[in-house]
Colleague: 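Below: one structure in structure tokens.
All values reported here derive from a predicted model rather than from experimental measurement. For reference, positions follow the sequence shown, starting with 1.
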Amino acid sequence: MALIVQKFGGTSVGNVARIRAVAEKVMQTRALGHQLVVVVSAMAGETDRLAQLAQELSGAPNPREFDVLLSTGEQVTIALLSIALLQLGCPTRSYTGAQVHIRTDSVHNKARILGIDGTKIRADLMAGKVVVVAGFQGTDEIGNITTLGRGGSDTTAVALAAALKADECQIFTDVDGVYTADPKIVPDAKRMPTVTVEEMLEMASSGAKVMQIRAVEFAGRHDVPVRILSTFQEGPGTLITRNEEDMQHPIVSGIAFNREEAKLVIHGVPDKPGIAASILGPLGDAHIEVDTIVQTLAGDNTTDVAFTVHQRDFKQALSLLEQIAKQLGAKLVKSEANVAKLSLIGVGMRSHAGVAGQMFRVLGQEGINIQLISTSEIKVSVVIDEKYLELGVQALHDAFQLGTATKEKTANSCEL
């Protein structure tokens with residue numbers, strides 16, 4: 001008997017028929033003798049509907065009250081799924097995040113989980129019940145309801161799996177695993193049977209929508225095996241693991257991208273120690289996550305600093321940067337909302353040179369200009385004009401032979 005945490009996203013519980021189907025899937029797993037904790041998101045479109053209601057009343061809803069509103073979506077789903085399970089004869093108990101003491105910090109709309117009290121859940125599991133928990137939410141130290149940001153139910157599921165020492169966390173979604181690229185853009189993209197936590201972390205941070213980045217961080221930190229599965233079709237899915245012993249590592253494992261990027265550039269900043277902190281520090285204080293950063297030294301003892309942020313933070317970041325520019329005596333602030341980040345990812349890059357060069361050459365041959373570049377040990381990312389994104393993804397997928405037709409022949413080549 002294993003303890004399994006299963007998470008079902010908004011599409012999986014999008015209507016009553018799908019909730020009933022999820023209940024039947026849960027019953028199938030329970031019939032194998034496993035203990036089950038089920039985490040659910042709000043029904044598809046519900047969070048957006050609630051947000052729109054708030055926007056009709058205020059252009060900038062109070063963050064605390066906005067979290068109170070958004071958290072109700074998952075409360076509906078846990079009740080409906082529990083009703084469906086009880087109708088099938090399955091002993092079930094549902095809980096909101098507050099009821100199982102999912103404790104977070106006080107950053108509304110994108111809080112971080114600090115701890116979970118698993119006492120109630122363990123007691124219910126020992127009593128033979130399936131426990132259904134609302135994802136995406138928790139409470140801070142003084143009892144305020146908080147939400148974890150988009151995809152936060154993934155983090156709830158992995159955090160519960162860590163707290164309960166579950167054998168596996170299964171993330172059910174509308175895709176049957178992690179692919180070498182988005183199959184909607186690259187038809188011959190291939191499902192990967194396994195990926196490392198490092199690779200998944202880079203994919204999530206680079207825009208892959210399969211799993212929230214904080215959930216991947218939690219899985220890596222607490223050594224939680226996570227499997228990505230489809231709600232709508234049977235299959236082995238993709239296992240995300242820290243165990244690399246039996247894994248083959250192609251040079252490039254996959255391609256990720258993010259359309260939701262915006263670029264900001266501050267020109268003519270005095271070149272002196274601490275200037276980067278003076279620019280980026282206030283953005284961090286405002287909980288704005290800065291991504292790709294490039295600093296360029298000019299010939300007149302000034303420097304230009306370019307970076308990207310998520311589009312949801314674009315207006316706030318631009319306003320802050322304009323204030324910072326005045327304080328520092330910078331010459332100019334420029335911005336561009338229609339950019340995208342394109343990334344090559346693979347543990348195999350550690351032992352192979354030439355990946356970046358080949359990437360730049362392929363994009364150049366397609367007439368795609370590179371605006372910013374960043375690298376890590378297992379990733380190369382570029383910022384490009386958003387209109388060229390799909391062309392770039394397909395060209396790189398072909399060049400590194402990641403598709404189903406070519407993957408069998410080689411672990412992808414890299415011209416040196």
Side-chain angles (χ1 to χ4, degrees), residues 59-60 63 107 109-110 149 202 205-207 213 256-345 355-377 379-389 391-393 396:
V107 181
N109 312 147
K110 45 185 174 182
E202 294 284 17
S205 68
S206 301
I213 185 170
F257 63 84
N258 188 2
R259 298 179 188 273
E260 300 171 341
E261 296 265 322
K263 185 177 74 170
L264 297 163
V265 186
I266 182 168
H267 292 274
V269 182
D271 183 33
K272 58 183 181 182
I275 199 67
S278 299
I279 296 169
L280 301 176
L283 297 172
D285 293 340
H287 305 290
I288 296 172
E289 295 179 4
V290 175
D291 192 8
T292 308
I293 305 169
V294 174
Q295 183 171 341
T296 306
L297 184 64
D300 57 352
N301 291 321
T302 65
T303 188
D304 300 339
V305 179
F307 57 89
T308 59
V309 298
H310 195 283
Q311 284 182 353
R312 66 170 175 265
D313 297 322
F314 176 53
K315 290 182 180 179
Q316 184 184 6
L318 178 59
S319 176
L320 277 172
L321 193 61
E322 288 171 341
Q323 296 173 33
I324 294 166
K326 290 179 182 178
Q327 295 168 5
L328 298 178
K331 295 178 182 177
L332 180 66
V333 172
K334 289 185 178 180
S335 63
E336 187 176 349
N338 298 316
V339 298
K341 183 173 69 172
L342 176 56
S343 304
L344 292 180
I345 297 155
V355 174
Q358 185 173 352
M359 180 185 192
F360 303 157
R361 186 161 51 250
V362 170
L363 294 177
Q365 290 169 351
E366 298 294 337
I368 300 173
N369 185 49
I370 297 171
Q371 301 180 24
L372 300 174
I373 301 167
S374 68
T375 64
S376 73
E377 195 176 23
K379 180 184 74 173
V380 181
S381 295
V382 297
V383 174
I384 62 174
D385 192 312
E386 195 275 336
K387 68 183 179 182
Y388 295 117
L389 177 63
L391 173 62
V393 171
L396 291 171

Colleague: Can you tell me if CD on Glu289 sees more than 12 non-hydrogen neighbours from other groups inside 6.0 Å?
Modeller: no
Colleague: Among all residues two or more places apart in sequence or in another chain, which pass the side chain to side chain donor-acceptor pair (under 3.5 Å) test with Ser381?
Modeller: Ser343
Colleague: Tell me whether Asn338 at atom CG has more than 12 heavy atoms from other residues, nucleotides or ligands lying less than 6.0 Å away.
Modeller: no
Colleague: More than 12 heavy atoms of other residues, nucleotides or ligands under 6.0 Å from CZ of Phe360: is that the case?
Modeller: yes
Colleague: Going by side chain to side chain donor-acceptor pair (under 3.5 Å), name the residues that satisfy it together with Ser335, two or more places apart in sequence or in a different chain.
Modeller: none
Colleague: Run Leu342 and Leu363 through side chain to side chain contact (heavy atoms under 4.5 Å, CB included) and show every step you take.
Modeller: CA-CA 11 Å; Leu342 176 56; Leu363 294 177; 4.2 Å; yes
Colleague: Identify the heavy atoms of Asn109 and Pro63 that sit nearest to each other, and give their distance.
Modeller: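 Nearest heavy atoms, Asn109 then Pro63: ND2-O, 3.6 Å.
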Colleague: Please identify each residue that fulfils side chain to side chain donor-acceptor pair (under 3.5 Å) with Asp313, with sequence neighbours left out.
Modeller: none
Colleague: Contact between Glu336 and Val383 at the side-chain level, heavy atoms closer than 4.5 Å - yes or no?
Modeller: no
Colleague: Do the non-hydrogen side-chain atoms of Pro282 and Gln323 ever get within less than 4.5 Å of each other?
Modeller: no
Colleague: Among all residues two or more places apart in sequence or in another chain, which pass the side-chain contact (heavy atoms from CB on, under 4.5 Å) test with Arg259?
Modeller: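 If we apply the side-chain contact (heavy atoms from CB on, under 4.5 Å) test to Arg259, skipping adjacent residues, the hits are Ile185, Phe257, Glu386, Leu389, Glu390.
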Colleague: Between Gln311 and Ala337, is there a donor-acceptor pair closer than 3.5 Å when you use the side chain of the first and the backbone of the second?
Modeller: yes
Colleague: Got a second to check how far Ile384's CD1 is from Glu261's CD, nearest 0.5 Å?
Modeller: 11.0 Å
Colleague: Taking all non-hydrogen atoms of both residues into account, name the closest pair between Phe314 and Leu264 and its distance.
Modeller: CE1-CD2, 3.6 Å
Colleague: In a check of side chain to side chain contact (heavy atoms under 4.5 Å, CB included) between Leu372 and each of Val294, Ile293, Asp291, which one passes?
Modeller: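 Of the listed options, the one satisfying the test is Val294.
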Colleague: How close do Thr303 and Thr296 get, counting heavy atoms only, and between which atoms?
Modeller: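 Looking at all heavy atoms of both residues, the shortest contact is OG1-O, 2.9 Å.
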Colleague: May I have the step-by-step check of side chain to side chain contact (heavy atoms under 4.5 Å, CB included) for Asp271 and Thr302, ending in yes or no?
Modeller: CA-CA 5 Å; Asp271 183 33; Thr302 65; 5.6 Å; no
Colleague: Between Asp304 and Val269, is there a donor-acceptor pair closer than 3.5 Å when you use the side chain of the first and the backbone of the second?
Modeller: no
Colleague: What closest approach, in Å, do Ile324 and Ser278 show between heavy atoms, and which atom pair accounts for it?
Modeller: CG2-O, 3.8 Å
Colleague: Residues in side-chain contact (heavy atoms from CB on, under 4.5 Å) with Val107, at least two apart?
Modeller: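 Val107: side-chain contact (heavy atoms from CB on, under 4.5 Å) contacts with Asp105, Lys110, His287.
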Colleague: Look up atom CG in Leu283 and atom CD in Gln316, then write down how far apart they are to the nearest 0.5 Å.
Modeller: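 Rounded to the nearest 0.5 Å, the CG-CD separation comes to 8.5 Å.
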Colleague: Report the distance from atom CD of Glu366 to atom CG of Leu396, rounding to the nearest 0.5 Å.
Modeller: 8.5 Å
Colleague: Taking atom CG of Leu321 and atom CG of Leu280, what is their separation to the nearest 0.5 Å?
Modeller: 9.0 Å
Colleague: May I have the step-by-step check of side chain to side chain contact (heavy atoms under 4.5 Å, CB included) for Thr292 and Lys341, ending in yes or no?
Modeller: CA-CA 9 Å; Thr292 308; Lys341 183 173 69 172; 3.9 Å; yes
Colleague: Please find the pair of heavy atoms, one from Pro270 and one from Ile275, that lie closest to each other, and give the distance.
Modeller: O-CG1, 3.5 Å
Colleague: How far apart are the C-alpha atoms of Gln295 and Ile279, what are their side-chain angles, what is the distance that settles it, and do they pass the side chain to side chain contact (heavy atoms under 4.5 Å, CB included) test?
Modeller: CA-CA 11 Å; Gln295 183 171 341; Ile279 296 169; over 6 Å; no
Colleague: For the residue pair Gln371 and Val339, what are the closest heavy atoms and their distance?
Modeller: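 Minimum heavy-atom contact is OE1-CG1, 3.7 Å.
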Colleague: Check side-chain contact (heavy atoms from CB on, under 4.5 Å) between Asn301 and all other residues, then give those that pass, not counting sequence neighbours.
Modeller: none
Colleague: Does the Ser205 side chain pair with the main chain of Glu202, one donor and one acceptor, at a distance under 3.5 Å?
Modeller: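 Looks like yes, one N/O pair under 3.5 Å.
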